[in-house]
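Keep in mind it's a predicted model, so treat the numbers as computed, not measured. Sequential numbering from 1 along the given sequence is applied to the chain's residues.
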Amino acid sequence: GVAASIAYADTLPYLVGVARGDLQVDGNVECLILWCSASLFVAALMVYRDGGFQRFTSYPRDPSGYLYLTDATAPPKKSQEPASNRDTPIMQDAYNMFDPANLPPRLAEYANMVYSACEDIGNFFGFQDSSVRNQAEHLLILLSNNRRYMSSHILPPSVQPPSPIHALHAKVFSNYVKWCRAMGVPPNFSKMNTSMNAPPAVASRVVDLVLFFCIWGEASNVRHMPECLWFLYHKMMEEYIQSEGYTQTRSLYAGFFVDCVISPIYDIVLKNMKSKNDHQDKRNYDDFNEFFWSRACLKYRYTWEDPAENSDIETSQMYSGETKDTSPSVTYGLEHAPKTFLEKRSWLRGILALNRILEWHIVTFFLLAVIAFSRELVWGWVETFQVASAVFWIFNSLHLCWALVEVWASYPGIHLTGTEVCGSIFVIVARFLLLVHQSLYLLWALSPSPTTYLGNEGSSTFWWWQYIWLSQLVMLPYYVEMLLQLFPPLGAKVYQSQSEYLQAFLNVFYPLSRLYVGKEVQESFSHTFVYVLFWASLMIWKLFFSYVFEVYSMVLPSLQLTDDYLNYPGQSFAKMLLLMGMRWLPQFIVYLIDMSIWYAAWQAFAGTSVGLSDHLGDVRSFDDIRHTFGQAPENFCKKMLSPDAGSRRGSSASFLGASDNDLTEKTSLLQADGKLQNYVNRLLDVRIQKWVMFSAAWN
C-alpha cells in the first residue's frame with residue numbers, strides 16, 4: 001500500500017475510502033488495478049525468498065545422465081510414491097571432489113555406466129543416496145587410476161586387460177573368488193545388463209563393482225569382517241540376478257540396507273564387545289568372521305527383514321518374480337554361532353604354541369648326545385644307529401603329548417564338528433597303540449640274546465627292523481609336511497584340493513588345514529631356497545657349537561657318575577639320576593636359549609650382505625665402513641666431550657682446540673712449515689688421545 005501510494009497520488013484517498021466503507025471514490029478502477037499489481041509483486045517476492053519456486057522445478061540432470069538423489073542427512077521417509085518423485089535435495093550442487101556436471105575427461109569416460117548402475121542398485125537395495133554418490137565418485141577415480149595397466153610401460157600388450165574395468169574387477173573380486181572356491185559354490189556376478197549402452201562384459205562388471213562398493217561404503221565396522229562382506233555381496237547379487245528385468249519396479253527407501261542389514265549385525269557385535277564377561281564367554285570380530293568360513297552360512301538370508309514383506313517399498317506393485325524368503329536371517333546364525341577359538345590362560349598354551357621349536361631342540365639334543373657317547377665309548381656304526389633310532393620313539397611320544405594338549409585347549413569351550421572330534425580321537429588312539437608297539441620292539445631289539453616274544457622267536461636285529469618299519473608309519477606325516485615346506489606351491493595346491501579323500505587326510509593329521517586362511521601364503525622356490533639356506537647354515541653352526549661346548553663336555557662326567565654307581569657298592573640309583581639331571585639340565589636350558597643368540601648374529605650378517613649387495617643406506621661398501629669408522633673418534637670427541645677434555649687427561653693440546661687448528665684425521669703429517677717436528681708431536685698426541693677416549697666408550 002505504501003509503494004502504491006508513492007507511485008500513484010490517488011491511491012491514498014482510495015485506501016481511506018475503503019477503510020471507511022465508502023467505495024464511491026473517483027479513480028477507483030486505476031487504484032484497484034495498481035493495488036492488485038503491487039500485491040502480486042510482493043507475494044511473488046516473498047515466495048521467491050522462501051524458496052517456494054523449487055517445488056515447481058524438475059530434477060536437474062547433468063550431461064552424463066546422472067540423476068541427483070535425495071540428501072540422506074534427514075531421516076529416511078517411508079513413501080508410497082514412485083522413486084522418481086522423491087523430494088528434491090536441499091543442496092543440489094553438493095559433491096565431494098568432482099562436479100558430476102563437469103567431470104574431467106578421464107572420469108567422464110565411464111560416468112554414464114556408473115551413474116546408471118548406481119541409480120538401479122541404490123533403489124533396488126535401499127542404499128543411502130549420499131553414500132551412493134560418494135561411491136560413484138570413488139569408483140570413477142579407481143577406474144581412472146587403473147588406466148595405467150593399459151600402458152605398455154607397466155604391462156606388456158600380451159597380458160594387458162581389455163579395459164580398466166576388467167583390471168579393477170579382477171583385483172577387487174580375487175578374494176571373493178577364493179572364498180567361493182572354499183565354500184564350494186560358483187561366484188555370483190551380474191549377467192548381461194541391457195539398460196546400459198555398453199558392451200555386456202563391461203556393463204555387467206560395472207554393476208558388480210557398484211554393488212560391492214555400495215556395500216563397503218555403508219558397512220561401518222562390519223568392514224573388519226571381510227568374509228562377512230563377501231557373504232553379503234554373494235546373497236545380494238544372487239537376489240539381483242533372480243530379479244533381472246524387474247529391478248526398475250522395486251525401490252526400497254534410502255536407508256533400508258543400513259536399517260535391515262548392517263545395523264542388526266553391528267548390534268550383535270557391539271553387544272558382545274561391550275560384554276563384561278571374560279574372554280571365554282565373549283566373542284570378538286574374529287569369532288564372528290569365522291562364522292562365514294563355513295558353507296553353513298549360505299543357508300541364511302542377508303536381511304533381518306524380508307524385502308518381500310516390507311511395507312516401505314516405494315511402489316504400488318511388486319514385480320511378479322519376488323517370492324517370500326523363508327530362510328532364517330543371518331543375525332540368528334551370528335547370535336547362536338559358537339566360539340571357534342579359545343585361549344586358555346596357562347603355561348601349556350605357550351608350550352603348545354612353540355611345540356615345533358621344542359620338538360626340534362629335544363630331538364637334536366638327543367642325537368648329539370648319542371654321537372658324543374658313541375665317540376667316547378667307541379661304538380660301532382651299527383650300535384650307534386640302533387641307539388639313535390630311538391629318536392622315532394621320541395617323535396611319536398612328543399606328537400602324542402601335543403595332541404593331548406590340543407584336546408585340553410579345545411575342550412569344552414570350543415564347538416567341534418563330528419569330523420574334528422573323530423579325527424582327534426583317531427590320532428590319539430592310533431599313536432598310543434603305535435607307541436606301545438614301538439616301546440616293545442625297541443626294548444627287544446636292545447636285548448643281548450635272541451628271545452621269543454608273543455610267540456615269535458627272533459634276534460635283536462629282527463625286532464629292530466620291525467621297530468624301524470613301524471616307525472616309518474609314525475613319521476609319514478612328518479615326511480609329507482617336510483615336502484610341502486620345501487615346495488610351497490605344492491602345499492598350496494594340496495590345501496586347496498577339492499578331493500574329499502585328501503581333505504579328510506588333512507583334517508585328521510593337519511588340523512590347521514581346516515581354517516579358511518593361510519592356504520596361499522607361499523613364496524617362490526627361489527625365495528624358499530634362500531630361506532632354507534639361511535636356516536640350514538644357522539642350524540649347522542648351532543649344532544656344531546653346542547656339540548663341542550655343551551654336549552660332549554658332559555659325556556665324561558656322566559660316565560664317571562655311572563661308573564661309581566656300578567663299581568662301588570651301596571650307591572643309590574636315585575641319587576645317581578638326580579646328580580645326572582642336575583648336570584645335564586643347565587646344559588639343555590642353554591641349548592634352548594642360544595638359538596636366539598645365533599639367530600641375532602645370522603640376521604645381522606644377512607642384513608649386512610643384503611644391504612651391501614643392494615647398495616642400501618649411506619655406507620654401501622667396506623671402504624665406506626672403514627672410512628666412517630675412522631671418523632668415529634673425532635666425531636665422538638666433538639659431540640660428547642668438553643673443549644678441555646684433552647688437557648685434563650695430561651695432553652699438551654685440547655681436543656677441540658686442536659681440531660680448530662685443522663688437526664683432524666684428514667690432516668697430512670708432512671705439511672711444510674718451520675716447526676714440522678713440533679706439529680707432528682702435537683697432532684699425534686691429539687689423535688692418540690681421541691682414540692683412547694673413544695676406545696674407552698666403545699669397550
Is there a side-chain contact between Asn272 and Asn284 (heavy atoms, below 4.5 Å)? no
Scan Tyr300, Tyr285, Phe231 and name whichever one has a ring pair (Phe, Tyr, Trp, His ring centres under 6.0 Å) with Phe291. Tyr300
State which residue, out of Trp230, Trp216, Phe212, fulfils the ring pair (Phe, Tyr, Trp, His ring centres under 6.0 Å) condition with Tyr176. Trp230
To the nearest 0.5 angstrom, please state how far the CE atom of Met236 sits from the CD1 atom of Ile241. 12.5 Å
Can you confirm whether the side chains of Tyr302 and His234 place a donor and an acceptor under 3.5 Å from each other? no
Looking at side-chain heavy atoms only, is the closest gap between Ser327 and Lys299 below 4.5 Å? no
Any side-chain heavy-atom pair of Leu140 and Tyr115 under 4.5 Å: yes
What residue among Ile268, Val261, Ile265, Thr303 forms side-chain contact (heavy atoms from CB on, under 4.5 Å) with Val330? Ile265
Which heavy atom of Cys228 sits nearest to which heavy atom of Val222, and what is that distance? SG-CG1, 3.7 Å
Side chains of Asn188 and Tyr240 only: does a donor on one sit below 3.5 Å from an acceptor on the other? no
Can any side-chain N or O of Arg295 pair as donor or acceptor with the backbone N or O of Ala182 at less than 3.5 Å? no
Glu335 versus Lys271: any side-chain heavy-atom pair under 4.5 Å? yes
Around atom CZ of Arg181, are there more than 12 heavy atoms from other residues, nucleotides or ligands closer than 6.0 Å? yes
Using only heavy-atom distances, determine whether the side chains of Trp179 and Glu227 contain a donor-acceptor pair under 3.5 Å. no
Within this structure, what is the SG-CG distance for the pair Cys118 and Leu209, rounded to the nearest 0.5 Å? 10.5 Å
What's the spacing between Ser190 OG and Asp120 CG if we round to 0.5 Å? 9.0 Å
Do other residues, nucleotides or ligands put more than 12 heavy atoms under 6.0 Å from the OH atom of Tyr478? yes
Quick one: does Ile215's side chain get under 4.5 Å of Phe127's, heavy atoms only? yes
Checking side-chain contact (heavy atoms from CB on, under 4.5 Å) for the pair Asp208/Tyr233: CA distance, chi angles, key distance, verdict? CA-CA 9 Å; Asp208 298 337; Tyr233 170 84; 3.4 Å; yes
His169 vs Val206 side-chain heavy atoms within contact, under 4.5 Å: no
So which heavy atom on Val202 is nearest to which on His166, and how close? CG2-CE1, 3.9 Å
Could you please spell out the steps behind the side-chain contact (heavy atoms from CB on, under 4.5 Å) verdict for Glu137 and Ile141? CA-CA 6 Å; Glu137 185 179 78; Ile141 295 175; 4.1 Å; yes
So for atom CZ, which belongs to Phe534, do other residues, nucleotides or ligands contribute more than 12 heavy atoms lying within a distance under 6.0 Å? yes
Give me the atom names and distance for the closest heavy-atom approach of Tyr110 to Pro164. OH-CD, 3.3 Å
Are there over 12 heavy-atom neighbours, none belonging to Tyr479, within less than 6.0 Å of that residue's OH? yes
Stepwise side-chain contact (heavy atoms from CB on, under 4.5 Å) test for Glu119 and Asn123: CA-CA 6 Å; Glu119 182 73 13; Asn123 291 335; 3.4 Å; yes
Are the side chains of Leu211 and Phe125 in touch, meaning some heavy atoms are under 4.5 Å apart? yes
Audit row: Val210, Gln135, side-chain contact (heavy atoms from CB on, under 4.5 Å) steps and yes/no: CA-CA 7 Å; Val210 167; Gln135 296 309 317; over 6 Å; no
Closest approach of Glu218 and Ile262, non-hydrogen atoms and distance? O-CG1, 3.5 Å
